[in-house]
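Reviewing the structure listed below.
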Amino acid sequence: MADDDAKLEAALSMSAMTDYSDVSAIVDDEYTADDIPTLELNNWILNGTKALVSTPAALKWGVWSSTLSDENGDFTANPVLTATTSGSYSTAGFTVTFGGDTWPKQTVTTWYSGSTVLGTQTDDVTGFTHFISREVSGYNKIVIEFVGTDVPYRRVKIVQIDYGEIFVWSGESIISASVLEEVNLTGSELTINTLDLSIHDENSDFNMLNPSGTYEYLQQRQQLRVTEYINGAAVNMGRYYLTTWKNSSIATADFEAQDMVGVFDGITYTTSQMWAGATVAAIIADIMSAAGFTKYSIESSIASETLTGYIPVVTVREALHQVCFAARCSVISKRDGTLLITRLPSSEDANAISKSQKMGSQTITQNDLVNSVAVTAYTFAAASSTSQLYSAELEAGTYTITFSTPAKGLTISGGTITQSGINYAVVTVTTAGTVTVTGYQYSSSATTYTVEADGLTDAKRSQATVDSIYLISPANGADVAQFVYDDYQSRIVQKFEIAVEDEGIGDNVEVETMLDLSKTGVIVSMDIDLTGGFTATLEVRG
Amino acid sequence: MSLNLITDRTESDVNTMLSLISKYTSGGWDSLTTAQQTAWLAGLKGAYNYTDLNRVESAVATLAELLNSLGYSVSVDVKTDWALADIPTVDDLERYRSNIAKIRAALSVFSTTPAAPDSMNNLTYEQANDIEQILEDVETLIEHIQSNIDMAWAQGIAYTGLFFKGG
């Protein structure tokens, strides 16, 4: 568990790095450095395991010092890592993970607030995972000097840095752990995967009443990495970000966490343009940029599709949902921490789930009938004259103003616009007074596309409507309406428990049912019990 | 001529290496005995070090020069200044490996002479031995050739001497 807020936004630099070092990689919690043969003394062991460097830039190096220690393990000049954050942070320390076959002799760490030294500490390093324990509040820069190496003639190799201490819970220390993974087939909702974890907290580290515990340093968005061991083999079950925690007994700590989509729910997206035929890839790139998230992929056929319209000021989660709905695709939050934007089912092929795989009973339900879908498409045009978008008395300072209706051609009186888009303006006011922003507002005209069952009468019409996605235009309105209508016709939901093998949400499966008949559908939900033998309750809709 | 080649690396050398790594990666450098530290600092046979590369590259250069002086045509590209801080790449070591193959191909080698490795990737102690065994065998063959030339020269002198003596 670590403080990922600080981790995500820290700017790192290191003195005397090797050419291929990637400082940004060491804050990537999925990062594992490759085992690369070097000519450091006795490093290239002749047991046939050392693969040579072919394309150096493609390898995962972490951060390596460019210089080696001498025969006594000392450097002429110790490597120094500097991490600077834009905000101030308070942590109980942080953890540095070293690669290669050794570690530095010591670290000398200095915490700063601006140029003020908040503290300096020297720690002996005794292993690959090194926790620098010190409670420091309000720092925005850390400088770590790596003193020598334990083994002579070695570089310092840093694989990872985590703000905070890494706690590992396994085996009997875990009371219960379950993961809920979901996907929505039409993108009508961007689902959030969740983790519920309950641990034996024997040392009361996470007891809120323990004055020396680490409870104080629990923070939302701290990361929990989940690994399930099946017959000794590690299976990555995803990464989650802490949302709530509590003590249900004196020695029990309970944590609830969400996946990255949940994190997106707390980030605002403002920078939409009034797109005209922009690719899905370009729009999603703009949204992800707001979240500083790059670990996503888009199915190529979807990436090149184009959309017209805009996204209002919403959360990143909602913005992504609006793009996916308009592009008729779904988001799968994968266990490796990446997001896959795809259209489901991704394959006509269906993996079979036999009755023998199923544990206990199966329930089959039918979703409510929807026999008509009405989708509103919009066309936007800017007004020919300006109107007032904002007016208020403001003190000197910098403000972000958001608009309820998109506008272009912004002008301001009483301040200066330093940054703007159709949804917002960042204004700087040097002298208190009235600030007025004007611009050309966009107005919309609407067209409704309806798809419904043949011969439907008003009395029997059960209609679903979609009227608040402004990336649906006349260019894609009919396609979206048909896609949503088709999806509503998949009404059968099978629910059953299985021992998990390689199933995942979004998979197309053919399930052997209670009547020895098979029913094909897509896995839309997996409620996985990680402590009960790696079983999952599946929901398959088809 | 002595190229001081190493052809006797064993699995035991590799196991010794692994044992020391296991020891210092769990207990640190100070968990090694003084003797183990001294041996480690001298360079272990279970590992491929810059000294191995320099020794082989120098031997290749020497043998290529000798072969060329004997009328064979061998073109090699060598680097004899490998250092602790270097990180050899696939290209570097393909050049290194192909030099060995060229030296081996220059002569009709012994039936026991090993083949040159196909790749330096995932190098084993056996392959490291093979590389230097090839060079050692070629060194031996060159010595035989030089010896035969000397013998022929001596025989020529002797024959000429006899001729003149007889004349």
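Treat the numbers as computed from the prediction; the structure is a model and nothing was measured.
More than 12 heavy atoms of other residues, nucleotides or ligands lie within 6.0 Å of CG in D81(B), so this atom counts as buried by the packing criterion. The environment of E65(B) atom CD is sparse: at most 12 non-hydrogen atoms of other residues, nucleotides or ligands sit within 6.0 angstrom. For Q121(A), the CD atom sits in a packed shell: over 12 heavy atoms of surrounding residues, nucleotides or ligands are nearer than 6.0 Å.
Between L123(B) and K50(A), the closest side-chain pair of non-hydrogen atoms is not below 4.5 Å. The closest side-chain heavy-atom distance from N47(A) to V14(B) is below 4.5 Å. Side-chain contact between I21(B) and I45(A) is present, with at least one heavy-atom pair separated by less than 4.5 Å. Residues F128(A) and T25(B) are in side-chain contact: their nearest non-hydrogen atoms beyond the backbone lie under 4.5 Å apart.
The closest donor-acceptor contact from the side chain of R9(B) to the backbone of L46(A) lies at 3.5 Å or more, if one exists at all. Remark: the backbone N or O of G43(B) is not paired with any side-chain donor or acceptor of N42(A) at under 3.5 angstrom.
Residue with the most contacts toward chain A among P88(B), A128(B), S26(B): P88(B) (heavy-atom pairs, distance under 4.5 Å). When the candidates T38(A), L68(A), D101(A) are compared by the number of heavy-atom contacts under 4.5 Å with chain B, D101(A) comes out ahead.
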> So T102(A) and W29(B), side-chain contact (heavy atoms from CB on, under 4.5 Å) or not? Walk me through it.
Replying inline: CA-CA 9 Å; T102(A) 191; W29(B) 178 248; over 6 Å; no
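In this structure, chain A has a heavy atom under 4.5 Å from the side chain of L93(B), while its backbone stays farther away. Of the two parts of L20(B), neither the backbone nor the side chain holds a non-hydrogen atom closer than 4.5 Å to a non-hydrogen atom of chain A.
For the 3.5 Å distance criterion, the side chains of D150(A) and Y24(B) fail to qualify, holding no donor opposite an acceptor.
Closest of all the heavy-atom pairs between N49(B) and E40(A) is OD1-O, 4.0 Å. Closest non-hydrogen pair, W40(B) versus R154(A), comes out as CZ2-NH2, 3.4 Å. Residues G28(B) and W103(A) come closest through the heavy atom pair CA-CZ2, 3.8 Å. In terms of heavy atoms, L41(A) sits closest to L84(B) at N-CD2, 3.5 Å.
The distance from atom CG of L41(B) to atom OH of Y153(A), rounded to the nearest 0.5 Å, is 6.5 Å. Atom CD1 in I87(B) sits 12.0 Å away from atom CH2 in W44(A) (nearest 0.5 Å).
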